[in-house]
Amino acid sequence: MLKACVLGASGYTGAELVRLLASHAKFSIAELCVSQHSEDANKCVSQVHPYLNGQVKGQLQALTNSKLAHLSQHMDAIFLATPHEASHDWMPILTTGNAKVFDLSGAFRLKDTQVFSQYYGFEHRHLSQLHSAQYGLAEWYGEQIQQAKIIAVPGCYPTASLTALKPLMENQLLDPSMRPVINAVSGVSGAGRKASLTSSFCEVSLQAYGVLGHRHQPEIAAYLGTDVIFTPHLGNFKRGILATITVKVHAGVTPQQVDSAFQQAYAEHPMIRLLPHFPKLDDVVKTPFCDLHWKLDAQSGYLVIGSAIDNLLKGAASQAIQCANLTFGYNSALGLIAGTES
Ligand SMILES: NC(=O)C1=CN([C@@H]2O[C@H](COP(=O)(O)OP(=O)(O)OC[C@H]3O[C@@H](n4cnc5c(N)ncnc54)[C@H](OP(=O)(O)O)[C@@H]3O)[C@@H](O)[C@H]2O)C=CC1
Ligand SMILES: CC(=O)N[C@@H](CCC(=O)OP(=O)(O)O)C(=O)O
């Protein structure tokens, strides 16, 4: 069995990683960690997340620098479900040994360091790790993920958006005169577990935020290869992202061309489901799938695509497991879709 640890195991994505690793045929959980002064240190993870009762027994350990060095030498896989700054600060020490590191934060997703000062609020200081990190959009960068030591697992909105848009871009169907327009609604778990006024029960309604300035805009643009207009919304539900995306395709593009772009892109990728109707959140929540559907107005060339994921799974933890499976030479769906063989 491969030895895995989760840092940030008390958070929403961390707990999902713990659940997935606990039932995975090839990984055993060796350590679960929280920050040095965490109020959850020394608690069982199932005390913090009771849905894990009867599934996982591990205790949350407080992190120290010596623990980080120990993990880098003794783990096969390190999962970081921590804030961007913590992932950024720890990456050099975590990569001194042979462990593969799967970072769910945004700290290693983009090559352009200016993005970090502009959108993340910190200067990136670990350029060699940033340079070598591989973006972990599992269906699109499988070969590169297999070779990488640091995998930057994509953000939740970028996963929903890029999965919908890349088949069109790769087939040169998009008309460059119009930027893709992405409107996406996320559940509140997207903001993490820590209490804040904006994500508290009585405050959350349905509202756009981060308009023309969200950090996922440069991430989507970087991996799509064109600028986009991205407008996230916070919805009053717990989990899931529904993105509705409008693009213009080249004059003369037919519905059959669009269908075949999606079918070819995802024929070998069971985590992406091409539906006969527009997706709905209930069908993807608590699953590792991304559901897609689209409709083209062939006369005007406007195409609308619907994309739905669970932000904590395909948008974070289950995509990290897909990447880990690829890195260690297993089927990407192992431990995620029942009946998958290694
Ligand atoms: N929620 C989502 O939908 C998605 C989140 N992500 C990214 O994944 C990462 C985790 O997100 P999420 O699970 O929502 O976050 P949470 O806030 O739910 O959890 C964060 C975890 O990190 C720990 N932590 C906080 N501060 C530090 C620190 N300074 N050093 C070490 N550990 C720390 C927390 O525990 P404690 O403070 O007790 O130590 C907790 O275990 C973030 O980078 C987020 O941007 C990516 C995709 C989707
Ligand atoms: C609803 C909500 O607040 N969502 C988060 C995105 C969560 C995510 O994907 O995170 P990272 O890119 O930070 O890893 C946000 O908009 O900041």
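Atoms within a ligand are numbered from 1 in the order they appear, just like the ligands themselves.
Interface of G190 with ligand 1, defined as ligand atoms under 4.0 Å from a residue heavy atom, comprises 1 (N), 2 (C), 3 (O). Less than 4.0 angstrom separates some heavy atom of G192 from each of these atoms of ligand 1: 14 (O), 15 (O), 16 (P), 17 (O), 18 (O). The contact set between ligand 2 and L234, taken as ligand atoms under 4.0 Å from a residue heavy atom, comprises 1 (C). Set against the non-hydrogen atoms of T13, the atoms of ligand 1 under 4.0 Å away are 1 (N), 2 (C), 4 (C), 5 (C), 8 (O), 10 (C), 11 (O), 12 (P), 13 (O). In the vicinity of A81, heavy-atom distances shorter than 4.0 Å reach the ligand 1 atoms 9 (C), 10 (C), 20 (C), 21 (C), 22 (O). Atom numbering of ligand 1 starts at 1 in the shown order; those under 4.0 Å from a heavy atom of A316 are 47 (C), 48 (C). The atoms of ligand 1 that sit less than 4.0 Å from any heavy atom of K194 are 36 (P), 37 (O).
Below 3.5 Å of separation, one finds no N or O of W90 facing any N or O of ligand 1. Not a single N or O atom of L312, backbone or side chain, sits closer than 3.5 Å to an N or O atom of ligand 1. Inclusion of E219 in the set of residues having an N or O under 3.5 Å from an N or O of ligand 2 is not warranted. Of the N or O atoms in G11, one or more lie within a sub-3.5 Å distance of an N or O in ligand 1. When only interatomic distances are considered, the shortest N/O to N/O separation between H214 and ligand 2 falls below 3.5 Å. At a 3.5 angstrom cut-off on N or O pairs, Y157 does not count as close to ligand 2. By the 3.5 Å distance cut-off applied to N or O atoms, G187 is not counted among the residues near ligand 2. For ligand 2, none of its N or O atoms has an N or O atom of G155 under 3.5 Å away. The distance criterion of under 3.5 Å between nitrogen or oxygen atoms is not met by S105 with respect to ligand 2. On a distance-only criterion, S35 and ligand 1 share at least one N/O pair closer than 3.5 Å. Taking distance alone, with nitrogen or oxygen atoms compared against 3.5 Å, R109 stays at or beyond that limit from ligand 1.
Residue-level proximity to ligand 2 for H233 is absent, since no heavy atom of it falls below 4.0 angstrom. In L104, the part holding a heavy atom less than 4.0 Å from any atom of ligand 2 is the backbone. Looking at S87 against ligand 1, nothing comes within 4.0 Å, counting heavy atoms. With a heavy-atom cut-off of 4.0 Å, S186 touches ligand 2 through its side chain alone.
Remark: R109 is not positioned above the aromatic ring of Y135, lacking an NZ or CZ atom under 6.0 angstrom from the ring centre and at most 45 degrees off the axis.
In this structure, atom 1 (N) of ligand 1 lies nearest to the protein heavy atom S189 O, 3.0 Å. Ranking protein heavy atoms by distance to atom 11 (P) of ligand 2, first place goes to R215 NH2, 3.3 Å. When hydrogens are left out, the protein atom nearest atom 17 (O) of ligand 1 is R193 N, 3.4 Å; that is the closest non-hydrogen contact. For atom 41 (O) of ligand 1, the nearest non-hydrogen atom of the protein is S10 OG, 2.6 Å.
More than 12 heavy-atom neighbours from other residues, nucleotides or ligands sit within 6.0 angstrom of NZ on K111. Atom NE2 of H277 has more than 12 heavy atoms from other residues, nucleotides or ligands within 6.0 Å.
Between D40 and R193, at least one side-chain nitrogen of the basic residue sits less than 4.0 Å from a carboxylate oxygen of the acidic one, meeting the salt-bridge criterion.
Remark: the S196 side chain and the S199 side chain contain an N/O donor-acceptor pair separated by less than 3.5 Å.
Partner of F108 under the ring pair (Phe, Tyr, Trp, His ring centres under 6.0 Å) criterion, out of H131, H126, H84, H124: H124 alone.
Within the 4.0 angstrom cut-off, atom 44 (C) of ligand 1 has no protein heavy-atom neighbours.
Outside the 6.0 Å centre-distance limit, the rings of F116 and H88 are not counted as a close aromatic pair.
For H214 (side chain) and H216 (main-chain N/O), a donor-acceptor pair under 3.5 Å exists by modelled atom type.
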